[in-house]
Amino acid sequence: MPDTGARPGTEAAAGTAASGRWLVMVERAYRGSVERQYADVLALVPQLHRQSGGGVDLALRGLAASYALQPAGDEPPVRLGGRDLDTRTDPRALVRTALAAGVAVLVEEPCLAALGRSAAGRLLPGVRVLPGGALASSWPRYEEVWFW
């Protein structure tokens with residue numbers, strides 16, 4: 001279950017957040033190929049966005065910012081024993097689906113810079129880059145902030 005950023009006594013908890021929007025923050029990039037086949041937050045975000053009437057933004061931080069990049073090359077399948085696990089989800093495709101659904105996908109510049117010099121040139125179209133610290137300073141504008 002996600003940890004919401006709204007705490008009792010805060011502006012967001014009191015329901016006075018200006019936008020009524022939710023911010024979903026994904027910081028951990030890899031949680032396991034098998035787990036992600038049936039429980040992937042990136043697949044959930046477009047549905048939350050739709051059900052909320054268009055009120056969800058997605059922030060990719062840390063290594064999860066790599067989901068907002070065009071792949072640098074082919075990725076080999078994961079091998080379990082003598083078998084290839086070739087049914088894994090593609091996080092970049094899920095980010096493209098979220099963008100197509102109208103979800104604002106956000107990446108902070110320091111997270112992008114940590115992925116290498118070529119990272120900025122490989123951003124998926126539509127991903128917005130924010131200055132460092134901009135996400136944390138935007139939290140009061142959200143009704144809820146979820147961490148995954």
Side-chain angles (χ1 to χ4, degrees), residues 1-73 75-78 80 85-116 118-120 122-148:
M1 207 61 194
D3 177 24
T4 68
R7 298 287 179 238
T10 66
E11 187 175 272
T16 58
S19 70
R21 296 183 69 80
W22 303 338
L23 177 63
V24 175
M25 297 185 65
V26 178
E27 295 182 309
R28 301 188 74 194
Y30 183 75
R31 294 182 184 256
S33 294
V34 176
E35 171 192 336
R36 295 189 76 134
Q37 288 183 38
Y38 67 90
D40 194 322
V41 68
L42 294 177
L44 175 65
V45 167
Q47 296 307 316
L48 288 174
H49 186 70
R50 181 183 59 78
Q51 292 178 16
S52 69
V56 176
D57 296 341
L58 172 64
L60 300 172
R61 298 190 65 216
L63 291 177
S66 67
Y67 294 167
L69 303 180
Q70 300 284 354
E75 296 179 7
V78 173
L80 293 174
L85 180 63
D86 58 1
T87 57
R88 351 176 247 183
T89 57
D90 178 359
R92 290 166 186 92
L94 293 171
V95 169
R96 285 191 291 271
T97 299
L99 286 163
V103 175
V105 178
L106 314 168
V107 176
E108 282 188 320
E109 193 282 326
C111 297
L112 190 60
L115 296 173
S118 69
R122 295 182 16 235
L123 270 176
L124 295 172
V127 174
R128 295 191 340 223
V129 179
L130 304 175
L135 283 171
S137 66
S138 74
W139 290 359
R141 293 191 301 267
Y142 288 95
E143 182 179 342
E144 297 183 23
V145 178
W146 298 355
F147 294 86
W148 292 82

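For clarity, every value in this text was computed on a predicted model and none was experimentally measured.
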Problem - Leu135 CG to Met25 CE distance, which is reported to the nearest 0.5 Å - result: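 Answer rounded to 0.5 Å: 5.0 Å.
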
Practice task
Measure the CG-CZ distance between Leu63 and Arg28 for me, rounded to the nearest 0.5 Å.
Solution key: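 If I round to the nearest 0.5 Å, the distance is 10.5 Å.
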
Distance-only criterion, 3.5 Å: show the donor-acceptor pairs between side-chain atoms of residues 50-59 and protein atoms not counting sequence neighbours.
unit_1 : atom_1 : unit_2 : atom_2 : d
Arg50  : NE     : Gln47  : OE1    : 3.2
Arg50  : NH2    : Gln47  : OE1    : 2.9
Ser52  : OG     : Leu48  : O      : 3.0
Ser52  : OG     : His49  : O      : 3.1
Ser52  : OG     : Gly55  : N      : 2.9
Asp57  : OD1    : Arg21  : NE     : 3.4
Asp57  : OD1    : Arg21  : NH2    : 2.4
Asp57  : OD2    : Arg21  : NE     : 3.4
Asp57  : OD2    : Tyr142 : OH     : 2.6

Closest heavy-atom contact between [X] and [Y]?
| X | Y | answer |
| --- | --- | --- |
| Leu115 | Ser66 | CD1-N, 3.5 Å |
| Pro131 | Pro110 | C-CD, 4.5 Å |
| Ala120 | Leu112 | CA-CD2, 3.9 Å |
| Val107 | Ala68 | CG2-CB, 3.8 Å |

Handout entry: Test item: Glu108 side-chain N/O and Arg61 main-chain N/O as donor-acceptor pair under 3.5 Å
Key =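 Not a single qualifying donor-acceptor pair exists.
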
Handout entry: Short side-chain to backbone donor-acceptor contact, Glu27 and Ala64, under 3.5 Å
Key =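 A pair under 3.5 Å: no.
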
Exercise for the section: Scan for salt bridge (charged side-chain N to carboxylate O under 4.0 Å, His left out) pairs involving residues 127-136, sequence neighbours excluded, and state none if there are none. Expected result: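 For residues 127-136, and leaving out neighbouring residues, there are no salt bridge (charged side-chain N to carboxylate O under 4.0 Å, His left out) pairs at all.
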
Problem - Check: Gln70 and Pro125 side chains under 4.5 Å, non-hydrogen atoms - result: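 With C-beta onward as the side chain, the pair touches.
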
Side-chain donor-acceptor pairs of residues 92-105 under 3.5 Å, sequence neighbours excluded:
unit_1 : atom_1 : unit_2 : atom_2 : d
Arg92  : NE     : Leu69  : O      : 2.9
Arg92  : NH1    : Glu75  : OE2    : 3.0
Thr97  : OG1    : Ala93  : O      : 3.0

